[in-house]
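Here is how names work: the chains are called A, B, and so on, in the same order as the sequence lines, proteins then strands, and each is numbered from 1.
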There are 2 protein chains.
Amino acid sequence: MEDDQLDLVFGALADRTRRAILAGLARADANVADLTAMFTMSQPAISKHLKVLEAAGLVSRTRQGTMRLSHLEAEPLRDATGWLADYRTYWTESYERLDELLDSLDSLD
Amino acid sequence: MEDDQLDLVFGALADRTRRAILAGLARADANVADLTAMFTMSQPAISKHLKVLEAAGLVSRTRQGTMRLSHLEAEPLRDATGWLADYRTYWTESYERLDELLDSLDSLD
DNA sequence: CTTGTCTATAACCAGAAGGTTATGGAGAGT
DNA sequence: ACTCTCCATAACCTTCTGGTTATAGACAAG
């Protein structure tokens, strides 16, 4: 993965509002009004966050009548995970939580 | 993991210089002068980056005579990976690279 | 104790980030 | 055509960020 792309992805994830937006979109696609209702924040602020997420490739959007539906695109999250995985050999703590993570990853198939 | 902590970790990873510093520290501990030599950047700039990494818990530092050795603390990277793992079910692309990642994670024990 | 090396800190700067309010444009319905 | 809703954009403000240079502090060695 390109450094530029990682900048955008990690940068997008560095804001808790954007992480919360992703969490919301994980449950269901949503329009801007829906997302604005989820936060104590103005609608333009949400639109800006969506633009950041879109630039990072984490969200795609389609017109649906007068609305614009935001959809989670989780692919870059895998790429980011791939980058992080390079450091797994340096995870030095007890393996409890690591096992947990591995279990959850294994449960994929 | 706390939201505050994730802010710091993802924020720290959002800069390519800091990611490169982590990559360097993965190979060996290093002092500020060493790291400064690795980049076309002033020493204070590197010190600032180290401060950010330290705040995120990704680097610890010990005095070694007149030097200060920086040491990689990868634990927060695992926490970040854990957060990202919640989205694994939304990785929609072909499973080739995912399998690769799972293999590498499995090879841990 | 003076000198030299390594690092931190201060002061500064330009630009990016994250928020606001105000406004304008696009579609659907009447 | 009007209107209402949904959303984007512009303009603005404040704070944070990432860099700089200049300087001061800590430690080792003469």
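- Between the side chains of A:Gln43 and A:Thr36, no donor-acceptor pair of N or O atoms lies under 3.5 Å.
- Non-hydrogen atoms lying under 4.0 Å from DNA chain C are contributed by A:Ser42, A:Pro44, A:Ala45, A:Lys48, A:His49, all within residues 42-53 of chain A.
- Whole-Å rounding puts the A:Met41 CE to C:dT20 P distance at 6 Å.
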Apply side-chain contact (heavy atoms from CB on, under 4.5 Å) to A:Leu13 and B:Trp83, showing your working. CA-CA 10 Å; A:Leu13 296 181; B:Trp83 186 89; 3.9 Å; yes
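- Within residues 14-27 of chain B, the residues approached by DNA chain D to less than 4.0 Å at the level of any non-hydrogen atom are B:Asp15, B:Arg18, in residue-number order.
- For the pair B:Leu35 CG and C:dC6 P, the interatomic distance rounds to 13 Å; values are reported in whole Å.
- Expressed to the nearest 0.5 Å, how far OG1 of B:Thr81 lies from CG of B:Asp86 amounts to 11.5 Å.
- Counting to the nearest Å, the C1' atom of C:dA26 and the CZ atom of A:Arg63 are 6 Å from each other.
- Note: CG (A:Leu69) to P (C:dG27) measures 15 Å, nearest angstrom.
- One hydrophobic cluster, built from ILVMFWY side chains closer than 4.5 Å, cannot hold both A:Leu8 and A:Leu50; they sit in different ones.
- B:Ile46 CD1 to B:Asn31 CG: the interatomic distance, rounded to the nearest 0.5 Å, is 11.5 Å.
- The distance from atom OH of B:Tyr87 to atom CG of A:Leu25, rounded to the nearest 0.5 Å, is 8.5 Å.
- Annotation: A:Arg27, atom CZ; neighbour count of heavy atoms from other residues, nucleotides and ligands within 6.0 Å does not exceed 12.
- You'll find the side chain of A:Leu53 reaches within 4.5 Å of the side chain of A:Ile21, heavy atoms only.
- Using a 4.0 Å cutoff to heavy atoms of chain B, the contacted part of DNA chain D runs 5' to 3' from D:dG18 to D:dA28.
- Taking the side chain as every heavy atom from C-beta outward, A:Leu77 and B:Tyr90 never approach each other to under 4.5 Å.
- Between the CZ atom of A:Phe39 and the C1' atom of C:dT20 there is a distance of 18 Å, given to the nearest Å.
- In this structure, the CG atom of B:Asn31 is 10 Å from the P atom of C:dA8, given to the nearest Å.
- Rounding to the nearest 0.5 angstrom, the gap separating the CZ atom in B:Arg19 from the CG atom in A:Asp3 is 4.5 Å.
- Under 4.0 Å is where a charged nitrogen must lie from a carboxylate oxygen, and between A:Glu75 and A:Arg78 at least one such pair does.
- Contact between the side-chain N/O atoms of B:Arg61 and the OP1/OP2 oxygens of C:dA8 is found at a separation under 4.0 Å.
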